[in-house]
There are 2 protein chains.
Amino acid sequence: MVVEDEPADRLFHALADATRRDILRRSVDGELSVSRLAELYPMSFAAVQKHVAVLERAGLVSKTRQGREQLVRTRPDAVRRARQALDHLESLWHGRVDRMADLLAEPEGPRTREAPERKGTDR
Amino acid sequence: MVVEDEPADRLFHALADATRRDILRRSVDGELSVSRLAELYPMSFAAVQKHVAVLERAGLVSKTRQGREQLVRTRPDAVRRARQALDHLESLWHGRVDRMADLLAEPEGPRTREAPERKGTDR
DNA sequence: CTAACATACAACCAAATGGTTGTAGAAGAT
DNA sequence: ATCTTCTACAACCATTTGGTTGTATGTTAG
């Protein structure tokens, strides 16, 4: 990947795994520790730990120490952020997006070198 | 990954790349061919072709032949599907989800072996 | 103190990803 | 017919990902 540190990349990547989405759902109440979560899936503790780490780097969950356990809690705002990225995409059809707001919304577009030498028949 | 053929996996994975999200935005009107898109990014035609293929397998775009060109068009419904997956997640905080509707919404949860021998001190 | 539990993290591995180049086939333009 | 354009796809390569095991460290229970 060219850029890949973009927050949106991490966000959607974190969501692109069934186990991680399941962790998100189960951690809404913030009651479960990493070990408790790990008991729920057919993989090692370390694997689940990594999944939680991916979710954490994406800002989708936070961990809080509670004694020797680390409680995982899904962060509502992050999910909302992801949804808004999609909202923005969807809004393009409804045509209500002026180009200015569009550019401000997500300053992405990896080095979009704005259509160089179009020497050809131009359409 | 344990399962990975799940549509949601492909959906979010397809969205987890800045180039692909940009393609989605630019293809809302379905005017651009793969070659025209390829001119916009600092990578080979084949690379862009692969990105479009990923988007297509995720159901996010469709291609229609127009002469020798293949026009790419973003599919509104797919984006809406992704958004709804997030909506569902978000709704968990608002507490308005009974467990039944929850299970119907996404029959995922990869082999969730429902908390096996909890022999320990049980909290 | 010692034992058991929860976490953190390194090292390793197979498979997937994102990129490349090269070859080949279809469709238009000349 | 020939040339050019657009697309499709295979082969290859470096890096990342998702999993493993092993080791170390901190925290609670006896």
Side-chain angles (χ1 to χ4, degrees), chain A residues 1-6 9-10 12-23 27 31-58 61-72 110-111 117-123, chain B residues 1-6 9-10 12-23 27 31-58 61-72 110-111 117-123:
Chain A
M1 250 165 258
V2 188
V3 271
E4 173 57 80
D5 83 315
E6 311 276 352
D9 287 33
R10 299 194 198 178
F12 286 115
H13 168 70
L15 290 168
D17 182 282
T19 303
R20 288 196 288 263
R21 288 194 301 277
D22 198 64
I23 291 176
S27 304
E31 304 166 329
L32 297 177
S33 65
V34 183
S35 321
R36 292 288 169 264
L37 282 170
E39 290 171 354
L40 300 173
Y41 308 101
M43 65 189 72
S44 70
F45 167 80
V48 173
Q49 199 174 294
K50 278 192 186 181
H51 280 305
V52 172
V54 169
L55 290 168
E56 197 178 15
R57 276 187 302 131
V61 305
S62 59
K63 292 187 295 184
T64 47
R65 252 230 135 70
Q66 188 86 22
R68 61 182 158 183
E69 296 186 337
Q70 195 87 271
L71 300 188
V72 179
R111 228 63 62 228
E117 346 83 23
R118 293 265 312 268
K119 51 177 185 273
T121 47
D122 197 73
R123 275 208 101 11
Chain B
M1 249 166 257
V2 189
V3 271
E4 175 56 85
D5 84 315
E6 310 276 350
D9 287 34
R10 299 195 199 178
F12 286 116
H13 168 71
L15 290 168
D17 181 283
T19 302
R20 287 196 289 261
R21 289 194 301 276
D22 198 65
I23 291 176
S27 304
E31 303 166 330
L32 297 177
S33 64
V34 182
S35 320
R36 291 289 169 264
L37 282 169
E39 290 172 354
L40 300 173
Y41 308 102
M43 65 188 72
S44 70
F45 168 79
V48 173
Q49 199 174 295
K50 278 193 186 180
H51 279 306
V52 173
V54 169
L55 290 168
E56 198 178 15
R57 276 187 301 130
V61 304
S62 59
K63 292 187 296 187
T64 48
R65 243 220 145 78
Q66 188 85 23
R68 60 181 160 185
E69 297 187 334
Q70 195 87 271
L71 300 187
V72 180
R111 226 64 61 230
E117 345 82 15
R118 294 262 313 267
K119 50 176 183 279
T121 48
D122 198 71
R123 264 213 139 314

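In what follows, every chain begins at residue 1, and chains take the letters A, B, ... in the order their sequences are listed.
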- Sorted by chain and number, sequence neighbours left out, side chain to side chain contact (heavy atoms under 4.5 Å, CB included) with A:A53 holds for none
[N] [atom2] sits how many Å from [X] [atom1], rounded?
X	N	atom1	atom2	answer
A:E69	D:dG26	CD	P	18 Å
A:R68	C:dA3	CZ	C1'	11 Å
B:F45	C:dA24	CZ	C1'	13 Å
A:R21	D:dG18	CZ	C1'	15 Å
B:Q70	D:dT5	CD	P	19 Å
B:D17	D:dT17	CG	C1'	15 Å
A:K63	D:dG26	NZ	P	16 Å
B:E39	D:dT5	CD	C1'	11 Å

Closer than 4.0 Å, any side-chain N/O of [X] to the OP1 or OP2 of [N]?
X	N	answer
A:S44	D:dT20	yes
B:R20	C:dG18	yes
B:R36	D:dC6	yes
B:H13	C:dG18	yes

Contact between [X] and [Y] at the side-chain level, heavy atoms closer than 4.5 Å - yes or no?
X	Y	answer
A:E56	A:K63	yes
B:F12	A:H13	no
A:V72	A:S33	no

- Name every residue in residues 49-57 of chain A that has at least one heavy atom under 4.0 Å from any atom of DNA chain D, in order of residue number, or write none if there are no such residues.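 Residues of residues 49-57 of chain A that come under 4.0 Å of DNA chain D are, in numerical order, A:K50, A:H51.
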- Return yes if some donor-acceptor pair links the side-chain N/O of A:R65 with the main-chain N/O of A:G67 below 3.5 Å, else return no. yes
- Query: So, the side chain of B:R20 versus the backbone of B:L15: is there a donor-acceptor pair under 3.5 Å, distance only?
  - Reply: no
- Message: Between A:R65 and A:V48, which residue's closest nucleotide on DNA chain D lies nearer the 5′ terminus?
- Response: A:V48
- Query: Considering all heavy atoms of both residues, which atom of B:V61 and which atom of B:V52 are nearest to each other, and what is their separation?
  - Reply: CG2-O, 4.0 Å
